[in-house]
Number of protein chains: 2
Amino acid sequence: MAVRSANDIHELIERLLRQGDLRYTTGRRAIVDLLCRVGQPVSISDIESQLPSIPRSSAYRHLVDLQSVGAVRRVAANDDFARFELAEDLTEHHHHLLCTSCGDVIDVAPTPAFEKAVTTMIEQFAEREGFRPFSHSLDIVGHCRECG
Amino acid sequence: MAVRSANDIHELIERLLRQGDLRYTTGRRAIVDLLCRVGQPVSISDIESQLPSIPRSSAYRHLVDLQSVGAVRRVAANDDFARFELAEDLTEHHHHLLCTSCGDVIDVAPTPAFEKAVTTMIEQFAEREGFRPFSHSLDIVGHCRECG
DNA sequence: GTTGTAATGAGACTGAGTCTTGTTCTATGG
DNA sequence: CCATAGAACAAGACTCAGTCTCATTACAAC
């Protein structure tokens with residue numbers, strides 16, 4: 001799903017951090033690396049098991065920092081564990097398949113026809129409700145291939 | 001947004017509970033009443049303030065019971081408080097406007113054109129990913145009228 | 001009534017996520 | 001090179017939404 005190379009992403013995130021007077025340190029880079037590699041939303045326990053050298057408190061702090069500069073986005077999954085992924089500006093707009101059995105989250109890219117329909121509809125809501133939309137996300141709930 | 005009258009909803013929920021060998025007691029009814037009245041997702045603190053006679057532990061238990069028979073659905077909002085609403089079977093299919101400023105959740109009914117586009121796209125994903133879809137939800141993130 | 005089961009209230013408990021504190025890096029400047 | 005100031009960090013205490021336990025109460029069936 002990566003539209004840019006990992007190198008590009010690192011460079012972009014470094015710039016984003018610098019704009020916020022933050023450094024792109026080893027710990028932050030390790031987390032971004034993981035997010036690039038996995039290519040789908042990652043939970044804190046994923047981070048703990050993949051990057052055991054990073055303490056939980058640091059992982060949370062890094063994620064908050066990365067969010068604050070717009071490099072990372074928090075994803076609300078179906079279980080009650082927060083998950084994190086690279087911001088869409090760095091990858092591409094996509095939606096999520098949520099498995100209610102194993103909790104897994106799978107990224108999927110929408111078709112242009114669908115996104116056009118969404119945009120049209122959102123404009124209607126915005127008009128009617130006086131709502132100013134920033135972004136949208138579609139979650140498809142069901143069972144993944146493994147869970148049948 | 002109510003497609004059925006509150007009376008109908010109570011009757012349906014009573015039947016759902018009975019099928020699960022559960023009774024439609026005063027506490028459960030009070031919560032369902034609140035969900036009908038408010039007509040949008042409600043948080044635990046909303047329930048506490050609107051129904052002070054129901055202890056928190058009971059409110060949570062009632063919500064779990066109501067969920068287990070399919071009368072109520074848990075909604076993941078943008079803040080990290082769970083919210084609850086009547087299941088779509090009892091009301092009508094709808095989506096959510098999430099305000100990132102005040103945390104409010106507003107129900108909106110999708111246009112038929114949009115739902116057709118969603119269905120088509122979901123079928124494609126299901127095919128491609130071996131995913132068995134049960135339901136979907138679209139969240140539109142932004143600022144509500146009050147928050148500008 | 002009696003009796004078995006569901007429902008309830010009160011409060012202890014759990015654990016994801018946050019905050020605090022003291023320490024270690026690192027970028028700059030003399 | 002060293003000094004030093006601010007950022008980053010590790011460790012662990014802390015918070016509080018949500019869950020669990022258990023003793024008590026309501027209810028349905030006989």
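A note on names: the letters A, B, ... follow the listed sequences, proteins ahead of strands, and every chain is numbered from 1. Values below: all heavy atoms of this structure, side chains included; hydrogens, waters and symmetry mates excluded. Bear in mind the structure is a predicted one, so any value in this text is a computation, not a measurement.
- Evaluation of the salt bridge (Lys or Arg N to Asp or Glu O under 4.0 Å) rule for A:Asp79 yields A:Arg83 as partners, not counting sequence neighbours.
- Ring orientation note: the planes of B:Tyr24 and B:His10 are tilted relative to one another, at an angle of 30° to 60°.
- Evaluation of the salt bridge (charged side-chain N to carboxylate O under 4.0 Å, His left out) test over residues 49-75 of chain A, restricted to residues two or more places apart or in two chains, returns A:Arg28-A:Asp65, A:Glu48-A:Arg56, A:Arg73-A:Glu85, A:Arg73-A:Glu88.
- Under the side chain to side chain contact (heavy atoms under 4.5 Å, CB included) test applied with B:Leu16, the options B:Arg18, B:Glu14, B:Gln19 reduce to a single match, B:Gln19.
- Using cut-offs of 30° and 60° on the angle between ring planes, the pair A:Phe114 and B:Phe114 is tilted.
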### Task
Show your reasoning for whether side chain to side chain contact (heavy atoms under 4.5 Å, CB included) applies to B:His136 and B:His93.
CA-CA 10 Å; B:His136 66 270; B:His93 179 53; 3.1 Å; yes

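- In this structure, A:Asp65 places its CG atom 18 Å from P of D:dG6, rounding to the nearest Å.
- OP1 and OP2 of D:dA8 both lie 4.0 Å or more from every side-chain N or O belonging to A:His62.
- A:Glu14 has its CD atom 11 Å from the P atom of C:dA27, to the nearest Å.
- Rounded to whole Å, atom C1' of D:dA8 lies 12 Å from atom CG of A:Leu17.
- Counting to the nearest Å, the P atom of C:dA16 and the CG atom of A:Asp46 are 13 Å from each other.
- Atom CD of A:Glu48 is separated from atom C1' of C:dA16 by 10 Å (rounded to the nearest Å).
- Across the protein-nucleic acid pair, B:Asp21 atom CG and C:dG4 atom P stand 18 Å apart, rounded to whole Å.
- For the pair B:Ile31 CD1 and C:dA7 C1', the interatomic distance rounds to 13 Å; values are reported in whole Å.
- Computed from coordinates, the A:Ile54 CD1 to D:dC9 C1' distance equals 11 Å when rounded to whole Å.
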#### Entry: Summary of protein contacts for nucleotides 16-30 of chain D, nucleotide by nucleotide, where a base hit scores B, a sugar-phosphate-only hit scores S (4.0 Å, heavy atoms)
-SBBB------B---

